[in-house]
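Written below as structure tokens is the structure these notes are about.
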Amino acid sequence: MGDEPARPVGAPNGQGGLPATIEWAGDRVRLIDQRLLPGELRVVDAFTVDDLCDFIATLAVRGAPSLGAAGALAIALASVRGDDLDGALEQVTATRPTAVNLAWGARRAAEADDPVAEARQIVVDEIDRHRAMGHHGATLVPEGGAVLTHCNAGGLACVDYGSALGVVRAAHEQGRRPSVWVDETRPLLQGARLTAWELEMLGIPYTVIPDVAAATVLARGDADLVVVGSDRIAANGDVANKIGTYPLAVLAERHGVPFYVAAPTTTIDPECPDGAAIPVEERDPLEVLEFAGVRTTPDGAKAFNPAFDVTPASLVAGYITERGVSPTPPLD
Ligand code: MRU
């Protein structure tokens with residue numbers, strides 16, 4: 001295989017000239033540094049497993065399917081550098097525990113005869129899965145419908161096209177004229193920074209709201225459906241996603257608004273029986289105690305900063321995967 005990708009990976013928002021979210025670049029992994037968006041679009045290179053693990057831990061690359069690609073590409077890096085693959089696998093999978101895709105991608109590449117080819121194939125396959133998912137999910141969006149979403153489940157999180165945002169994007173491409181309520185997603189603002197950035201470039205109307213305003217939007221009947229992505233779906237259908245998803249699902253049920261989860265089958269973990277078994281990452285309390293690097297709380301303040309929560313399957317109206325829309329996650 002040459003230095004060029006097997007096929008153009010494409011831009012996170014399908015805009016010509018934009019770099020790929022994450023890709024193999026001959027002897028390195030190249031990715032958009034999501035920490036800098038929307039202010040600056042910068043591409044950075046990881047030359048070593050350590051480099052890439054640092055990018056993963058600090059959310060330069062993030063979102064479950066993009067993490068799956070990153071995990072696989074980390075093993076590809078290890079293989080071309082002649083590193084110990086078992087050690088690299090252990091290091092990568094320990095970086096962030098919740099998104100099952102990370103360990104899945106890393107393991108797939110580590111078990112392959114050619115880890116580089118396997119990692120590149122995972123990137124290509126993820127793009128295909130998300131386009132199919134968007135196509136299936138778009139049928140749920142009524143003409144002129146308003147979708148409420150949380151965090152970023154667009155091309156930045158999913159290598160390309162997006163899961164929850166892929167549904168909106170496909171509806172837009174089909175001429176259904178969707179609009180989006182974008183939860184800002186405290187504390188790291190993946191909604192306000194990244195989802196808004198993607199929708200802006202796609203030309204899809206959107207409105208950013210503080211997370212706590214979702215109740216008002218739903219109570220007023222201003223959203224037709226909620227669609228979110230996922231970091232891990234347990235065998236019983238419980239869903240781990242960005243902190244703040246579970247209260248959104250409770251609110252959606254209270255106001256009779258259907259709550260959908262859009263995720264590729266690579267996010268389903270059949271080995272995980274239910275939500276209680278999903279490891280939830282706790283991040284640095286400073287992410288809560290500060291805002292944009294400025295302390296906003298008293299010096300003595302403590303903070304609890306779980307990065308994800310678990311929504312029980314009973315609150316989920318349907319699972320949108322590349323195979324279609326189903327009342328339970330496809331496990332086979
Ligand atoms: O901490 P992050 O930004 O990696 O969290 C991402 C999410 O929770 C997304 O909603 C999730 O990965 C699903 S979208 C691909």
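We're numbering straight along the sequence, starting at 1. Note that ligands are numbered from 1 as they come in the structure, with each ligand's atoms numbered from 1 the same way. Worth knowing before you read on, the calculation uses all heavy atoms, side chains too, and leaves out hydrogens, waters and symmetry mates.
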Heavy-atom distance to atom 1 (O) of ligand 1: which of Arg62, His150, Lys242 wins? Lys242
Asn152, Asp231, Thr98, Leu165: member with heavy atom nearest to atom 11 (C) of ligand 1: Asp231
Using a distance-only test with no angle check, is there a side-chain donor-acceptor pair under 3.5 angstrom linking Asn305 and Glu282? no
Treating Ile, Leu, Val, Met, Phe, Trp and Tyr as nodes and any side-chain heavy-atom pair under 4.5 angstrom as an edge, say whether Val316 and Val228 lie in one connected cluster. yes
Would you call Leu67 a ligand 1 contact, heavy-atom distance under 4.0 Å? no
Looking only at the side chains, is there a donor atom on one of Asn152 and Arg62 sitting less than 3.5 Å from an acceptor on the other? yes
Between Arg42 and Asp33 (salt bridge meaning N to carboxylate O under 4.0 Å), is one present in this structure? no
With a 4.0 Å cut-off on heavy atoms, is Arg96 touching ligand 1? yes
NZ/NE/NH1/NH2 to OD/OE distance under 4.0 Å, Glu281 and Arg96: yes
So the atoms of ligand 1 within less than 4.0 Å of a heavy atom of Pro65 turn out to be 15 (C)
Ala307 to ligand 1, any heavy atom closer than 4.0 Å: no
Using non-hydrogen atoms of the residue, decide whether Cys158 is closer than 4.0 angstrom to ligand 1. yes
